[in-house]
Chemist: 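Questions regarding the structure given below will be posed in turn.
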Number of protein chains: 2
Amino acid sequence: MNLPPLIQSFVLHFGEMGSRWGINRTVGQIYALLYVSPEPLCADEIVEALGISRSNVSMSLRELQTWNLVVLKHLPNDRRDFFTTPDDVWQILRTLAEERKKREVDPTLSVLREILMQQPGSDTERFAQTRMAEMHGLIEQLTNWYEDVKKLETERLANLLSLGSKITRLLETKDRIVSLGRRKAPARAASRPEGGEDGG
Amino acid sequence: MNLPPLIQSFVLHFGEMGSRWGINRTVGQIYALLYVSPEPLCADEIVEALGISRSNVSMSLRELQTWNLVVLKHLPNDRRDFFTTPDDVWQILRTLAEERKKREVDPTLSVLREILMQQPGSDTERFAQTRMAEMHGLIEQLTNWYEDVKKLETERLANLLSLGSKITRLLETKDRIVSLGRRKAPARAASRPEGGEDGG
DNA sequence: CAGTTATTTCAGAAATTACTGAAATTTCAG
DNA sequence: CTGAAATTTCAGTAATTTCTGAAATAACTG
């Protein structure tokens, strides 16, 4: 491997991280390298930089393309393929989320749904189904939230993030306003398992 | 493998999913099995159910314990160890998030910080650093949000989720109110990197 | 203490995954 | 068309990961 030390640390780290995800080491390294390169790189430059075989680079780039994590560029009068990563980190995040959802979450949801449709043949199975239903419910809530939030423009999303849980204070305010509007009902008094009024 | 069909599907699916994460197949299967079992299971029951070696079960349970994803139980007059999963799915989610952060996000942040401290030795390195700074910034925003939100009680969190991006409408309302309060300025016109006020 | 049961460790076998080099394919120029 | 350059494919090998059986350790009983 033949890289400026500071870049090498980054590339190596991503290689290790890659293997901790489903991604393999080489794929992680190539991604990292492209991410920090000022110009698009061609396959042979990657071979040179990382010291791996040409065919490995070819396969790994293909893998990255199926993840939509790299984009192919062409230079005039050069028929080699050059590669970069999208440069907006928020966009990268979105892509990553989308792909992981597609590969991990959606199949799980569909397996769960399928199982939940079936008739349990015993108490054990019946119990299992209730557990799976809980899991299904949680995942569905999360994906609904995700589907909803991913539509936001980056600026708004960033804003939302930076509010963090402060948002709940706002919600309380809203609740108050709404129940003021309603006037009649004692609003929050009714059956709430959770006792602690924490009214600011 | 010796399981009711409906449970077997679930267990097999989690096995496959496991290998797609860093977790391996057996670990995934054991987790799934414990998750849907009405009673805690001992190691030999797992051996029996999944048809794997006793030693593999022992190692995999240890792995699950380091993730805090299983809990050990003891029955009276029985010195074997029994295992279950926590049964609140929200709690499981929190644990998972926490562990993955610890293993994946935190080390990445620290590598990035370290690299960003160093003096770049060339333009290439300088450019790489700016890219890494972008990534670092994004990750930091996300983890700040996470640290903030994870403190919420489940009920509140679920509430927040179910609002999804509707929340932004509320934010707009708030903006309007706030700028009404201020009266003078055209409010949003000026370049504001971050909304300083949060009402409260 | 010896004997019994439960659990862990670990060297090596088995299985899986990643990588390479050589050959095949594609793409383009003349 | 031929030939050169770029890329891909793939069979075989290398490396890594997972899993097992046997042995070691630990925890308890009487």
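None of the values given here were measured: they were computed from a predicted structure. Letters go in sequence order (proteins before strands), and every chain restarts at 1.
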Chemist: With a 4.0 Å cut-off on N to O distance, would you call Glu39(A) and Lys73(A) a salt bridge?
Modeler: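 Salt bridge between Glu39(A) and Lys73(A), a charged N being under 4.0 Å from a carboxylate O: no.
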Chemist: State whether Glu98(A) and Arg94(A) are salt-bridged, where the test is any N-O pair (Lys NZ or Arg NE/NH1/NH2 against Asp/Glu carboxylate O) under 4.0 Å.
Modeler: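 Answer for the salt bridge query: no.
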Chemist: Is it true that Glu63(B) and Trp67(B) share a donor-acceptor pair across their side chains at a distance under 3.5 Å?
Modeler: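 Yes.
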Chemist: Compute the angle between the rotation axes at the two ends of the helix from dC1(C)-dG30(D) to dG30(C)-dC1(D), each taken over five pairs, rounded to 10 degrees.
Modeler: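 Terminal axis comparison yields 10°.
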Chemist: Mind checking whether Phe10(A) and Phe14(A) have parallel, tilted or perpendicular rings, split at 30° and 60°?
Modeler: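 Ring orientation of Phe10(A) relative to Phe14(A): tilted.
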Chemist: For DNA chain D, which residues of residues 28-38 of chain A approach it to below 4.0 angstrom with any heavy atom?
Modeler: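 The stretch gives none, as no residue of it lies under 4.0 Å from the strand.
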Chemist: Ile52(A) has a side chain; which of dT18(D), dT20(C), dT8(D) sits nearest to it?
Modeler: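 In terms of side-chain proximity for Ile52(A), the closest of dT18(D), dT20(C), dT8(D) is dT20(C).
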Chemist: Below the 4.0 Å mark, does dC19(D) have OP1 or OP2 next to a side-chain nitrogen or oxygen of Arg25(B)?
Modeler: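 Checking dC19(D) against Arg25(B), a side-chain N or O does come within under 4.0 Å of OP1 or OP2.
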Chemist: According to a strict under-4.0 Å criterion, is Ser55(B) in side-chain N/O contact with OP1 or OP2 of dT9(C)?
Modeler: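 For dT9(C), OP1/OP2 do not have a side-chain N/O of Ser55(B) under 4.0 Å.
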Chemist: Just compare dT9(C), dA18(C), dT9(D) and give me whichever is closest to any side-chain atom of Met59(B).
Modeler: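 Nearest to the side-chain atoms of Met59(B), counting from C-beta on, is dT9(C).
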Chemist: Which nucleotide sits closest to the side chain of Ser53(A): dT9(C), dT20(D), dG21(C)?
Modeler: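 So the nucleotide nearest the side chain must be dG21(C).
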Chemist: Reading DNA chain D from 5' onward, which residue's closest nucleotide shows up sooner: Asp44(A) or Arg79(B)?
Modeler: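 Result of the comparison: Asp44(A).
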Chemist: Give the nucleotide from the list dC28(D), dT7(D), dT8(C) with an atom nearest to the side chain of Ala43(A).
Modeler: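 When the side chain of Ala43(A) is considered, dT7(D) is the closest of dC28(D), dT7(D), dT8(C).
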Chemist: Indicate the atoms forming the closest heavy-atom contact of Glu140(B) with Thr143(B), along with that distance.
Modeler: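 What the structure gives for the nearest pair is O-OG1, 3.0 Å.
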Chemist: On the nucleotide dT9(D), are OP1 or OP2 found under 4.0 Å from the side-chain N or O atoms that Arg62(A) carries?
Modeler: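 Checking dT9(D) against Arg62(A), a side-chain N or O does come within under 4.0 Å of OP1 or OP2.
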Chemist: Does dG21(D) have OP1 or OP2 sitting under 4.0 Å from an N or O in the side chain of Asn56(B)?
Modeler: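 No, Asn56(B) has no side-chain N/O under 4.0 Å of OP1/OP2 on dG21(D).
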Chemist: Is a salt bridge present between Lys150(A) and Glu147(A), judged by a nitrogen-to-oxygen distance below 4.0 Å?
Modeler: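 Yes.
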